[in-house]
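To start, the structure itself, in structure tokens.
Proteins get letters first, then strands, A, B, ... in listed order; numbering begins at 1 in each.
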Amino acid sequence: MATISLTFPDGNARDYDAGVTPGEVAESISKSLSKKAISATVNGAHWDMQWPIDNDASIAIHTLADDAQALELIRHDCAHIMARAVQEIWPDTKVTIGPVIKDGWYYDFDRAEPFTPEDLALIEKKMKDIINLRDPVRTEVWDRPRAIKHYEDNGEPYKVELIDAIPGDEPLRMYWHGDWQDLCRGPHLQHTGQVPADAFKLMSVAGAYWRGDSDNAMLQRIYGVAFKNRKDLQAHLTMLEEAAKRDHRKLGREMDLFHFEEVAPGSIFWHPSGWRMFQSLIAYMRRRQEAAGYVEVNSPDIMDKALWELSGHWQNYRENMFLAETQDDREYALKPMNCPGHMMIFNQGIKSYRDLPVKIAEFGKVHRYEPSGALHGLLRVRSFTQDDAHIYCTDEQLTEECLKVNDLILSIYSDFGFDDVHVKLSTRPENRIGSDESWDRSEGALKTALDQAGMSYTIFEGEGAFYGPKLEYVLRDAIGRDWQCGTLQVDYNLPERFSSTYVTQSGEKRAPIMLHRALFGSLERFTGILIEQHAGKLPFWLAPRQVVVASIVSDADAYVHEVVATLRAKGIQAEADIRNEKINYKVREHSLGKVPVILAVGMKEVEDRTVTVRKLGEKSTAVVDLNTVATELAAEATPPDLK
RNA sequence: GCUGCUGUAGCUCAGAGGUAGAGCACUCCCUUGGUAAGGGAGAGGUCGAGAGUUCAAUUCUCUCCAGCAGCACCA
């Protein structure tokens, strides 16, 4: 038998018979290591303890101490153990797939009866039984015909379909623990007992389409989370509770920012303080855009079908559009996008190459009939305000304009504390207008701009808009969640469709290139993200309510009003609270309402012309001269771009 | 849109085949109290909408609407 040399992480090498498994290697080192081992890395590949090694290689043996491998294996084995538990309890259930995801795993089942929350408890208990059995994990390599026949005989059609979809003709790997068997590329733990029995939890059950396609059957997906120990699981559950407390839908109600009604699903009723915050964002963006050379316009909300046919929306976007019925026998639609309106504005008059780039911005409210199941608070609505703009430029200006938009987006996000920004580049979809050649140029321009800006990005094939490829800017918030906000799209098509032209230096008419871009994206969504990011405690300049001046005794009421007037004169959103309540009560109520500054006023303050300042989140108070407070708060209320 | 769950007072939630309850909020009275709930009284609900079963439905059944979780879709 041939001999191979295995090199360990410390640089030492040892000879073994070819075909040796990491399990045997571990045993040759020590009994305790072979018991503790969970998997190996062989030449950089994650390796099962049972897989043979045929050639010289580097090898590292993992235990539960190695986080990356341990979590991967624990979650993966949990998926198998759960599938086995389900099939043991309900033998007629068909299994499909069960991958590892962030924090845990899921497994999709086909079963006539829905799983109930009580069922989840039952499954969890059965999983613990299986873990306690410490069943050895066994693996074999089968050829395809044998595997297919096996699953056909066992009535597992989804597995047969999976095998058919695996490319090539390579052999397939089968895994067992106990009598339960699954098709799996591995690796797995050595036995079920290596899964910590107290560090996993089944979270929820929901529908999911087979192979992610809405034309396919709906399966039942059970989600679970798993960690190395009970403490990590507990920390994760606590984090979820914290995230729930930040839910902007809950905070929006508690802080009296907005609400929804059944009569207008997906549309927002903004309350005064929520609307104030919204307007602060628009005012900020208006200043930033003006400084960047944009002009602001306003285009109609309802326009004739003919326009939407010209733009291509009627053919490509109609199922998402609200249509308007009138008495004049014309068909209208509410705008789902601002671009066609901006085309009409660009087309007014004759444009010279000297005019380009033309940058037309609008805080336009667009309406889109989104699928009912997609609606989600402010983050996914049916009517929303875009900080939308269209840039008309020449071929030569294209890359530079893309770069400018990119810089503007990053600068703006940074003002709001978002520095972890990911970019997605979505390329031509199946359903599209325009020639392949113009798509080549559009996609190329975006790539060039990203490369020149030194941005890293991920490409999503076929995910672009019907008129052009797009960049999407994804923000990562304080608790690690991603939100899609800004977008930049290159479009050669609409200018052609609308016969838009400018006069070149040599006097010919030529179609401009058009960029679609939004920075916040949807103002509504961005507001929701900010609420969650700050858990409702927004920075002072954005805070829906800024200052409450609260009386301690009613003899101070007149001075309270004077303080409020002084602050308002400085542009600070101040309100009086002279209700017949104790100061404790007022402090509690406004603290829960997330008001950043409470100014308490009693007779001492009246006599000294001071206020007692209490800031949200601070227990201590400070007595400060009224004019000093007004000046300090006015400074704090200044938006970041005006500082 | 699909699968599952949910819908009772402004909010958070109990409840039951015989036309409803708590806490907070609200109104009034007493209290003028120094930094996270002072005391008392009162008012408030076609039990999401429509149909069916029943002597009787808010409770059971069906349809619709909306919300929640996930999927699919998306800013």
Side-chain angles (χ1 to χ4, degrees), chain A residues 106 108 111 113-117 119 203-223 247 249-250 253-254 256 259-266 317 319-320 336-337 366 368-388 426 463 465 470 472-474 483-487 489 516 518-526 528-529 550-557 578-593 598-605 612-623:
Chain A
Y106 68 76
D108 288 348
R111 173 175 173 243
E113 295 292 308
F115 291 111
T116 65
D119 290 343
M203 301 299 285
S204 62
V205 55
Y209 297 109
W210 168 236
R211 303 175 77 88
D213 186 334
S214 57
D215 292 335
N216 286 342
M218 176 68 72
L219 306 170
Q220 295 189 65
R221 173 173 298 178
I222 301 178
Y223 285 91
D247 191 314
R249 294 167 298 184
K250 181 173 141 70
R253 195 165 45 237
E254 289 172 0
D256 192 20
H259 83 279
F260 291 90
E261 298 270 353
E262 285 198 9
V263 292
Y317 205 73
E319 66 277 17
N320 286 300
M337 297 184 196
V366 295
R368 300 181 184 176
Y369 184 78
E370 299 290 344
S372 58
L375 303 179
H376 182 95
L378 300 180
L379 302 184
R380 193 73 187 276
V381 293
R382 283 185 175 155
S383 62
F384 60 98
T385 311
Q386 286 184 315
D387 57 338
D388 200 6
S426 299
E463 306 268 307
K470 61 181 175 183
E472 285 164 341
Y473 289 78
V474 179
W483 305 99
Q484 188 181 309
C485 295
T487 178
Q489 303 167 16
H516 305 244
L519 308 180
F520 289 144
S522 147
L523 267 297
E524 286 79 356
R525 174 178 286 182
F526 201 75
I529 292 170
S551 60
I552 294 168
V553 293
S554 50
D555 284 344
D557 287 358
I578 54 167
R579 289 175 303 168
N580 177 15
E581 296 291 351
K582 292 194 171 181
I583 192 65
N584 287 317
Y585 184 92
K586 296 180 183 180
V587 166
R588 174 182 155 81
E589 187 174 285
H590 300 307
S591 298
L592 290 174
I598 299 171
L599 302 182
V601 166
M603 289 321 286
K604 266 192 300 186
E605 288 80 0
T612 300
V613 182
R614 180 183 166 122
K615 294 199 170 174
L616 185 60
E618 292 175 16
K619 282 244 155 45
S620 61
T621 59
V623 181

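One can place CG of A/L219 at 10 Å from C1' of B/U3, the figure rounded to the nearest angstrom. Distance A/R221 CZ to B/G4 P: 16 Å, rounded to the nearest Å. Distance, A/N320 CG to B/C74 C1': 8 Å, rounded to whole Å. Atom CD of A/E581 and atom P of B/C29 are 13 Å apart (whole Å). The nearest whole Å value for the distance from the CG atom in A/N584 to the P atom in B/G33 is 13 Å. Between the CZ atom of A/F384 and the P atom of B/C74 there is a distance of 12 Å, given to the nearest Å. As a whole-Å value, the separation of A/I583 CD1 from B/G38 P is 11 Å. The nearest whole Å value for the distance from the CZ atom in A/R382 to the P atom in B/C65 is 11 Å.
Counting non-hydrogen atoms under 4.0 angstrom, A/T487 reaches nothing in the nucleic acid. Heavy atoms of A/A600 sit under 4.0 angstrom from at least one base atom. Across all strands, A/K604 comes closer than 4.0 Å to base atoms (heavy-atom distances). Within 4.0 Å (heavy atoms only), A/M603 reaches at least one base atom of the nucleic acid. Contact annotation for A/E254: no contact, since no heavy-atom pair falls under 4.0 Å across all strands. Contact annotation for A/G207: base contact, defined as any heavy-atom pair under 4.0 Å involving a base atom. Backbone-only engagement by A/G212 is indicated by non-hydrogen atom pairs under 4.0 Å involving sugar-phosphate atoms exclusively. If you check every strand for non-hydrogen atoms under 4.0 Å, A/S214 touches sugar and phosphate atoms only. Base contact: A/T612 has a heavy atom under 4.0 Å from a base atom. Looking at heavy-atom distances under 4.0 Å, A/V381 makes contact with a base.
In this structure, A/R614 contributes its side chain and A/T621 its backbone to no donor-acceptor pair below 3.5 Å. The backbone N or O of A/V381 sits nowhere less than 3.5 Å from a side-chain atom of A/E370 that would complete a donor-acceptor pair. The backbone N or O of A/F115 sits less than 3.5 Å from a side-chain atom of A/Q220, completing a donor-acceptor pair. Checked by atom type and distance alone, the side chain of A/K586 pairs as donor or acceptor with a backbone atom of A/R579 at under 3.5 Å. At least one donor-acceptor pair under 3.5 Å links the side chain of A/D387 to the backbone N or O of A/G521.
The phosphate of B/A36 (OP1 or OP2) has a side-chain N or O of A/R614 nearer than 4.0 angstrom. Taking 4.0 angstrom as the limit, A/H376 places none of its side-chain polar atoms (N or O) nearer than this to OP1 or OP2 of B/G67. Proximity of A/Y369 to the phosphate of B/G1: a side-chain N or O atom is located under 4.0 Å from OP1 or OP2. For the pair A/R249 and B/A69, the criterion of a side-chain N or O lying under 4.0 Å from OP1 or OP2 is met. At least one side-chain nitrogen or oxygen of A/Y585 sits closer than 4.0 Å to the OP1 or OP2 atom of B/A25. The shortest distance between the side-chain N/O atoms of A/R525 and the OP1/OP2 oxygens of B/C74 is not below 4.0 Å. For the OP1/OP2 pair of B/A75 and a distance below 4.0 Å, the side-chain nitrogens and oxygens of A/K470 include at least one atom meeting the criterion. The phosphate of B/C71 (OP1 or OP2) has a side-chain N or O of A/Y223 nearer than 4.0 angstrom. A/Q220 has no side-chain polar atom (N or O) that falls below the 4.0 Å cut-off from OP1 or OP2 of B/U3.
For B/G17, there is no paired nucleotide, since no Watson-Crick or G-U wobble pair has both relevant distances below 3.5 Å. Pairing of B/A66, defined by two Watson-Crick or G-U wobble distances under 3.5 Å, is identified with B/U6. B/C74: no Watson-Crick or G-U partner with both key distances under 3.5 Å is found in any strand. Base pairing annotation: B/G42 forms a Watson-Crick or G-U wobble pair with B/C26, both donor-acceptor distances under 3.5 Å. Pair check for B/U54 finds none; no Watson-Crick or G-U wobble contact set falls under 3.5 Å. Across every strand in view, B/A36 sits unpaired, with no contact that passes the Watson-Crick or G-U test at under 3.5 angstrom.
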Check: Step by step, would you call A/F260 with A/R249 a side-chain contact (heavy atoms from CB on, under 4.5 Å)?
Finding: CA-CA 10 Å; A/F260 291 90; A/R249 294 167 298 184; 5.6 Å; no
Margin query: Using side-chain contact (heavy atoms from CB on, under 4.5 Å), reason through A/L375 and A/R382 one step at a time and then give a plain yes or no.
Written below: CA-CA 8 Å; A/L375 303 179; A/R382 283 185 175 155; 3.8 Å; yes
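B/U63 sits 15 Å from B/G1 when the P atoms are compared, rounded to a whole Å. Of the P atoms belonging to B/C13 and B/U6, the separation is 14 Å, rounded to the nearest Å. B/A22 and B/G4 are spaced 37 Å apart, taking the P atom of each and rounding to whole Å. Across B/U59 and B/G18, the matching C1' atoms stand 11 Å from one another, rounded to whole Å.
Of the candidates B/G1, B/A69, B/C71, B/G1 carries the atom nearest the A/S372 side chain, counting heavy atoms from C-beta on. Residue A/P265 places its side chain closer to B/A66 than to any other of B/C74, B/A66, B/C26. With B/A66, B/G70, B/U12 as the candidates, the nucleotide lying closest to the side chain of A/R253 is B/U12. Distances from the side chain of A/S204 to the nucleotides B/A69, B/U12, B/G67 place B/A69 closest.
On a pure distance criterion of 3.5 Å, a polar donor-acceptor pair joins the side chain of A/E605 and the base of B/G34. One N or O donor and one acceptor, one from the side chain of A/R380 and one from the base of B/C73, sit under 3.5 Å apart.
From A/I529, atom CD1 reaches atom CD of A/Q484 across 9.5 Å, with rounding to the nearest 0.5 Å.
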